[in-house]
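Everything quoted here is computed from the prediction, not taken from an experiment.
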Amino acid sequence: MAISSLSEAIAAPPRKQVIRRLKERFIESLLFLCAFSCVAVTIAIMVILGTESIGLFKTVSVWEFFTGTEWAPLFEPAKYGILPLVCGTLTTSAIALFVAIPIGTTIALFLSEFASQKVRVWVKPILEILAGVPTVVYGYFALLFVTPLLQLLFPDLPGFNMLAAGLVMGIMIVPQISSMSEDAMRSVPDELREGSYAAGATKLQTAWNVVFPAAFSGVSSSYILGISRAVGETMIVSIAAGLQAKISFNPMDSAATMTAYIVQVSLGDLPHASIGYQTIFAVGFLLVSMTLIFNTIGHWLKRHYREQY
Amino acid sequence: MINIDSTVSQAPPKVEVSNLNFYYGDKQAIKNVNLVLPKNKITALIGPSGCGKTTLLRCFNRMHDLYDGNRYEGEIVLDGQVNILSRRIDPIEVRMRVGMVFQRPNPFPKSIFENVAYGLRVRGEKNKSFIADKVEEALKASALWDEVNDRLKDMAFTLSGGQQQRLCIARALATDPELILFDEPTSALDPIATRNIEDLMDGLKKQVTILIVTHSMQQAARLSDYTAFMYLGEMLECDRTEVIFKQAAQLRTRDYVSGQFG
Amino acid sequence: MATSLSPSSTPLSPIQLSVLQRKRSSNLFAVAGIFSIAIALMTLIALVLQLFIQGFPKLNWQFLTSFADPEASLAGVLAALVGSCLVMLVTAATAVPVGIGAGLYLEEYIARNKFSALIEINVTNLAGVPSIVYGLLALGLFKYYFNLGESILTAGLTLALLVLPVVIVATREAIRAIPSSLREAAYAMGASKSQMVFDHLLPYAFGNILTGVIIGLSRAIGETAPLVTIGALTFIAFLPDSPIQSGFPFISFEWLKAPFTVLPIQMFNWVSRPEPEFQVNAAAAGIVLLSLTLMMNSIAIYLRYRIQKNLKW
C-alpha cells in the first residue's frame, strides 16, 4: 500500500491530491472526536450530577446538608445531614487502608528488592487475579466468610459490620498499591542500590533507606489512589457493612456508606425528580468531588515530585 | 591503619589476587588474573574498553553477588589473612572494609550530611557527636567541607557534578575503609573537577590503598604508583607506572600506552 | 580488625556481629514479605473454597439453563448469563473503537498544548471515577434524557464508559512501545499519516491493545454498582429477541431495547436475601462469574506473556 501511494503521489493529478488530503483530514477529525468523548463524559458527569441534585437544595440548605448529623431523607420527618454517610465511608476506608498500605508496601518492597525473577513471575499473576475478582464476589465473601470468622473472635459482632467490609476492601486494594509502588521502586536506578550495597548495607537497609525514599512520590501516589478507590467502592460495603446511616467510628458497628446509600435507594423504584432521586445525585456529587481531589493529588505527586536521582 | 612507609620502595602487599577467574553465567570475563596491590599506593587498571577492568574491580567488593548467575574462582586475599571470595565470607563484611566510588556520581536522595553518614548509620552507629565528627572529617578529607559546611542539610543533588563525586568519595571515606575502589571516577566530569579529584586521591593514599579503573592513560600516568594492563580479560602486565609507560615488557602494552590502539 | 574476616574464629568480631544482626533483620523482612503474599494468596484460596463449598452442589445444567424463580431450588442464571454476554457485546462494540481512536489521536496526532494537557488530565481522572458515578450519569443521561430505558443498550453504554479509559491507556502504551524508527521507515516509503497509523502502528500494537481490552472487559463483566443504579431487573423469565432472525432482514436489533439482568446483579440479589437457599444460588452464580473473569484474565496474562516473549524491538 505504501508503494502504491508513492507512485500515486508522483503521478498524482491535483484532484487526487486534494482527495487524499481530505481523507487525511477526515480521519484526523474522526480520531479527534473519539478523544474528545473523554472530555464530553467528564462534562456530562458534572452537568448531570449538578442539575439532577440542584432541586434538593431548594428544600434543604447547603449548610444543613453538610453539617446535619442525621440522614433520613425517606422518612417523616426527613433529615438531610450527610455526615453519617461520610462517617461510614471514612471508617470503612480507614480500615481498608490500615490493611492495604502495610501489606501492599511490604509486597512491593519484597518483589522489587528481595524476590528473584522466578518468584516475581509467579506472584504477579496471583495479584492480578486478586485484582480481577468482581467486587460483588468480595461482598459475598465478606458477608458469608469473613464476618462468621470474625464472630468466632468477637461473639458480639453484628452480621453487618464495617470491620469485615473494610478488611476485605483492604485485600482488594492490595494489588493496586503493590503494583504501582513496585513500578516506582523498580524505576529507581541500580546505581543508587549499588552505592548503598558498596557502603556495606543489607538488602533491608538498601530497600528502606535508599529505594523507599527515592520512590516515595510514586509510592505515596499509590496510597492516595488507593484511598480514592476505597472511598468509591460500592458493592462490598452495600452487601456487608449494613444500610443504617449513623455516626459511628466503631468498626464493630454496622453503618451505611455514601455508595451503599446510592445502591439502597436505586433498588427501590423512585420516581424521576423526587427528593429521594435528588439525594442520590447530591451524594454522588460529593463522592465524585472527594475522589477527584484524591486523584488530582495522587497524579500531581506522581508527576511533579519526579525523583531526584 | 595509618602506616607511612614511604622509605620502602617496594611497599608491603595489601591485597593479593591469585588465579582469579570470573564468569557471567557461561561467559568467562576474567581469565586467570594474578595481581598485587601494594599498601598505601595507587594502582591503576588500564586497557581497551570491554577488557574486563570494571569487572575485575567489582570482584574486590563482591558487587557481582548482587546479580544472579555470576561465579568467582580463585582468591583475593586481604592482608595475607582472608580470602574475601570465600563462600563463608559474607559480601557485606567485605563491603564494610572496602569502599567504592562509581563511574557516575550516585548520591542518595538525602541531605549532604545524611549521604556521608549513611555508612555509619548502616553499621548501626547511634552516637550523634561521633557521626558528626566523622562526617566533618570525611568532608574535609574529600576537600568539600569548605564548600558545604553551611548547608549540610541541603539535598545532595543541589551540588555540582564534581562536588557530587567528591561527596561520594566522602561517603566512602567516612567508614574508614582499608581499600577504596574507583571505577572511572572522573569520566562524567569536566577537566577542572577531574583535576580536583585527582589531587584528592593523591592525598588519600596516606590513609588507604587505592585501586582505580581509568580509560585515560594520562590519568594513570599522573596519578598511579603501579599500573596493570588488561586485555581481553587477561592481565598482560603489571608493574611500576613509569616502567609500564616507558619500557613495558610486552609489545601490546607498548602499543596501547602509546595510543596505537584502544 | 583484620582477623575479623577469618571465618573459623569462634568468638565473633564486631564486624561479623554487626553483619549477622543486620542480616537477621533483613531476612526477617523477607519473611514478612512472603507472609504478606501468603495473606493475599490465602484470601484468594479461602474465597474460591467458600464459593465452591457452598455453591458447587447447585452448579448443574439445570442451574445454567433456568430462569430466575421465587423458588430457590428451581432458579437459574440463564437470563443473567445471556444478559451479561449481550451487554458485553454492546460495551465492546462501542468502547473498543472509540478507545482505540482516542488512544491513537492522543499518541500520534495531538499537538502538545494546553488542550492536550486538558484531555490528558481527563483520561487519568476518568479512570479514577468510582463506577457507581457512571451509573448515576447513565441514570440521568441515558435513562431519563435519551429515554433508552432499562435496556441492554443502556447497560452496555454505561459499562462502555467504564472500559473506555482502560482501552485508551492500553492503546497509548502499546503505541508508545513502538520505536520511532518504524514510523520513519513508513514515512520514508511515502506513506501518509493515516496509512502509517493504520498499516503499521495499529497492527504492531494489536496484541497489546487486545490484552488491555480483555482486561477492561473482564472488569466490566463483574461490575454491579452502575447497573444497579440504572435499575437492572433481577427477575426476568424470558430471553431477549435473538439478533439473528430466520426471516428477512435476518438481523434484528430489537434485543438492544430488551430489559435485562446480568450475572453480578443476579448474584447481588441472591446474596441480599436472608434465606440460606438463595445464598447457595449466590455462591453458584459467583462460581460462574468468577470463572468468566478468571478465564478472561488468564487469556490476557497469557497473551501478554506470549507477546513479551516473541516481540523484541
**Q** Could you work out, with ring-ring contact (aromatic ring centres under 6.0 Å, His included) as the rule, every residue matching A:Phe212, not counting sequence neighbours?
**A**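 Partners of A:Phe212 under the ring-ring contact (aromatic ring centres under 6.0 Å, His included) test: A:Trp208, A:Phe216.
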**Q** Kindly say whether A:Met235 contributes a backbone atom to a donor-acceptor pair with the side chain of A:Glu233 at under 3.5 angstrom?
**A**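 Looks like yes, one N/O pair under 3.5 Å.
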**Q** Select one option (side chain, backbone, both, neither) describing which atoms of C:Leu294 are under 4.5 Å from chain A's heavy atoms.
**A**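 For C:Leu294, side-chain heavy atoms alone lie under 4.5 Å from chain A.
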**Q** Report which part of C:Ala127 has an atom under 4.5 Å of a heavy atom belonging to chain A: side chain, backbone, both, or neither.
**A**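 Neither part, no heavy atoms under 4.5 Å.
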**Q** At a 4.5 Å cut-off on heavy atoms, which part of C:Leu126 comes close to chain A: side chain, backbone, both, or neither?
**A**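 The answer is the side chain of C:Leu126.
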**Q** Would you mind checking which part of C:Tyr145 comes under 4.5 Å of any heavy atom in chain A, side chain (CB onward), backbone (N, CA, C, O), both or neither?
**A**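 Neither the backbone nor the side chain of C:Tyr145 comes within 4.5 Å of chain A.
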**Q** Which of the residues C:Ile119, C:Leu136, C:Leu41 is involved in the greatest number of heavy-atom pairs with chain A at under 4.5 angstrom?
**A**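 Max contact count across the listed options: C:Leu136.
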**Q** With a 4.5 angstrom heavy-atom cut-off, is it the side chain or the backbone of C:Leu47 that approaches chain A, or both, or neither?
**A**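 Contact with chain A involves both backbone and side-chain atoms of C:Leu47.
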**Q** Top residue by heavy-atom pair count (under 4.5 Å) with chain A, among C:Asn27, C:Ile121, C:Leu141?
**A**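 Ranked by contacts with chain A, first place is C:Leu141.
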**Q** Okay, side chain of A:Thr89, backbone of A:Met258: is any donor-acceptor separation there less than 3.5 Å?
**A**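 Confirmed, A:Thr89 side chain pairs with A:Met258 backbone.
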**Q** Quick check for you: to the nearest 0.5 Å, what is the distance between A:Asp183 atom CG and A:Leu111 atom CG?
**A**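 Atom-to-atom, A:Asp183:CG and A:Leu111:CG are 11.0 Å apart.
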**Q** Would you confirm whether A:Ser112, through its side chain, and A:Glu182, through its main-chain N or O, come within 3.5 Å as a donor-acceptor pair?
**A**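 The answer is no, because no donor-acceptor pair under 3.5 Å joins these two groups.
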**Q** With only heavy atoms counted, which part of C:Glu108 is less than 4.5 Å from chain A, the side chain, the backbone, both or neither?
**A**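 It is neither, since no heavy atom gets under 4.5 Å.
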**Q** Any ion pair linking A:Glu28 and A:Lys23 (charged N to carboxylate O, less than 4.0 Å)?
**A**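 Salt bridge between A:Lys23 and A:Glu28, a charged N being under 4.0 Å from a carboxylate O: no.
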**Q** Does any heavy atom of chain C fall under 4.5 Å from the side chain of A:Thr259, the backbone, both, or neither of them?
**A**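 Backbone plus side chain of A:Thr259, per the 4.5 Å heavy-atom cut-off to chain C.
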**Q** Heavy-atom distance under 4.5 Å to chain A: side chain of C:Ala300, backbone, both or neither?
**A**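 Nothing of C:Ala300, per the 4.5 Å heavy-atom cut-off to chain A.
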**Q** To the nearest 0.5 Å, how far apart are CD1 in A:Ile236 and OG1 in A:Thr135?
**A**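 It comes to 6.0 Å.
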**Q** Checking heavy atoms, do the side chain of C:Arg219, its backbone, both or neither come under 4.5 Å from chain A?
**A**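 The side chain, not the backbone.
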**Q** Side chain, backbone, both or neither: which part of A:Val133 has a heavy atom under 4.5 Å from chain C?
**A**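 Both backbone and side chain of A:Val133 come within 4.5 Å of chain C.
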**Q** Once rounded to the nearest 0.5 Å, what's the spacing between atom CG of A:Asn295 and atom CZ of A:Arg229?
**A**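 CZ of A:Arg229 is found 11.5 Å from CG of A:Asn295.
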**Q** Among the options C:Gly140, C:Ala32, C:Ala285, pick out the one with the most heavy-atom pairs lying under 4.5 Å from chain A.
**A**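 Option with the greatest count: C:Gly140.
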**Q** Tell me, for C:Leu51 versus chain A, whether the close heavy atoms (under 4.5 Å) come from the side chain, the backbone, both or neither.
**A**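 Contact with chain A: backbone and side chain both.
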**Q** Between C:Asn125 and chain A, with a heavy-atom cut-off of 4.5 Å, which part of the residue counts as in contact: side chain, backbone, both or neither?
**A**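 It is both, since atoms from each part get that close.
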**Q** Highest number of heavy-atom pairs under 4.5 Å with chain C: which of A:Leu144, A:Val231, A:Leu30, A:Thr206?
**A**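 Ranked by heavy-atom pairs under 4.5 Å with chain C, first place is A:Leu144.
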**Q** At a heavy-atom separation under 4.5 Å, does A:Leu204 approach chain C through its side chain, its backbone, both, or neither?
**A**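 Contact with chain C involves both backbone and side-chain atoms of A:Leu204.
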**Q** Measure distances from A:Ile27 to the heavy atoms of chain C and classify the residue's part below 4.5 Å as side chain, backbone, both or neither.
**A**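 Looking at A:Ile27, just its side chain touches chain C.
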**Q** Sort C:Val271 into side chain, backbone, both or neither according to what part of it lies under 4.5 angstrom from a heavy atom of chain A.
**A**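 Backbone plus side chain of C:Val271, per the 4.5 Å heavy-atom cut-off to chain A.
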**Q** Given a strict heavy-atom distance threshold of 4.5 Å, which part of A:Ile280 is in contact with chain C: side chain, backbone, both, or neither?
**A**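 Both backbone and side chain of A:Ile280 come within 4.5 Å of chain C.
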**Q** What part of C:Phe35 gets within 4.5 angstrom of chain A, counting heavy atoms only: side chain, backbone, both, or neither?
**A**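 Looking at C:Phe35, nothing touches chain A.
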**Q** Sort A:Leu143 into side chain, backbone, both or neither according to what part of it lies under 4.5 angstrom from a heavy atom of chain C.
**A**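 Just its side chain gets close to chain C.
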**Q** Is there a donor-acceptor pair closer than 3.5 Å between any side-chain N or O of A:Thr42 and the backbone N or O of A:Cys38?
**A**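 Answer holds: yes.
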**Q** Measure distances from C:Leu164 to the heavy atoms of chain A and classify the residue's part below 4.5 Å as side chain, backbone, both or neither.
**A**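 Side chain only.
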**Q** Tell me, do C:Ile230 and C:Glu150 make a side-chain contact under 4.5 Å, heavy atoms counted?
**A**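 Heavy-atom side-chain distance check fails, nothing below 4.5 Å.
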**Q** Among the options C:Gly222, C:Gly135, C:Ser36, C:Gly99, pick out the one with the most heavy-atom pairs lying under 4.5 Å from chain A.
**A**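 The answer is C:Ser36.
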**Q** Over 60° means perpendicular and under 30° means parallel, so tell me whether A:Tyr277 and C:Tyr144 are parallel, tilted or perpendicular.
**A**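 Perpendicular, since the angle between the ring planes exceeds 60°.
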**Q** Would you indicate whether the side-chain heavy atoms of A:Val288 and C:Val129 approach each other to under 4.5 Å?
**A**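 Yes, side chains in contact.
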**Q** Using non-hydrogen atoms and a 4.5 Å limit, figure out which bit of A:Ile171 sits close to chain C: side chain, backbone, both or neither.
**A**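 Just the side chain, heavy atoms under 4.5 Å.
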**Q** At a heavy-atom distance under 4.5 Å, which candidate from C:Asn297, C:Ile132, C:Thr293 has the highest pair count against chain A?
**A**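 Ranked by heavy-atom pairs under 4.5 Å with chain A, first place is C:Ile132.
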**Q** Tell me, for A:Glu113 versus chain C, whether the close heavy atoms (under 4.5 Å) come from the side chain, the backbone, both or neither.
**A**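 For A:Glu113, neither part sits under 4.5 Å from chain C.
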**Q** Looking at A:Lys203, A:Glu24, A:Gln205, which one has more heavy-atom pairs under 4.5 Å with chain C than the rest?
**A**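 Heavy-atom pair counts peak at A:Glu24.
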**Q** Between C:Phe268, C:Phe198, C:Tyr134, which residue shows the highest count of heavy-atom pairs closer than 4.5 Å to chain A?
**A**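 Sorted descending by pairs with chain A, the first entry is C:Phe268.
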**Q** For the pair A:Thr147 (side chain) and A:Ala142 (backbone), establish whether a donor and an acceptor sit closer than 3.5 Å, ignoring hydrogens and angles.
**A**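 It does hold such a pair.
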**Q** Answer yes or no on whether C:Lys193 is positioned over the face of C:Tyr109, meaning its NZ or CZ is under 6.0 Å from the six-membered ring centre and within 45° of the axis.
**A**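 The answer is yes, since C:Lys193 meets both limits relative to C:Tyr109.
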**Q** Using a 4.5 angstrom heavy-atom cutoff, name the option from A:Ser238, A:Gly159, A:Gly132, A:Gly232 with the most pairs to chain C.
**A**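 Highest number of pairs under 4.5 Å: A:Gly132.
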**Q** Using non-hydrogen atoms only, which part of A:Ala115 is less than 4.5 Å away from chain C: side chain, backbone, both, or neither?
**A**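 No part of A:Ala115 comes within 4.5 Å of chain C.
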**Q** For C:Pro97, is it the side chain, the backbone, both, or neither that has a heavy atom closer than 4.5 Å to a heavy atom of chain A?
**A**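 Contact with chain A is through the backbone of C:Pro97 alone.
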**Q** Can you label the angle between the C:Tyr305 ring and the C:Tyr302 ring as parallel, tilted or perpendicular, going by 30° and 60°?
**A**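 Aromatic pair C:Tyr305/C:Tyr302 classed tilted.
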**Q** Out of A:Val265, A:Val168, A:Leu109, return the one with the most heavy atom pairs under 4.5 angstrom to chain C.
**A**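 So the answer, after comparing A:Val265, A:Val168, A:Leu109, is A:Leu109.
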**Q** Can you find a heavy atom in the side chain of C:Ile100 that is under 4.5 Å from one in the side chain of C:Leu202?
**A**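 Side chain of C:Ile100 against side chain of C:Leu202, heavy atoms only: contact under 4.5 Å found.
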**Q** Any chance you could measure C:Ile168, atom CD1, to C:Tyr105, atom OH, to the nearest 0.5 Å?
**A**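 That separation rounds to 13.0 Å.
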**Q** Which one of C:Ser26, C:Ser18, C:Ser25 satisfies the side chain to side chain donor-acceptor pair (under 3.5 Å) criterion with C:Arg22?
**A**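 The option that passes is C:Ser18.
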**Q** Considering only heavy atoms, which portion of A:Phe32 lies under 4.5 Å from any heavy atom of chain C: side chain, backbone, both, or neither?
**A**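 Both backbone and side chain.
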**Q** Give, for atom CD1 of A:Ile239 and atom CE of C:Met267, the distance between the pair rounded to the nearest 0.5 Å.
**A**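 A:Ile239 atom CD1 to C:Met267 atom CE measures 7.0 Å (nearest 0.5 Å).
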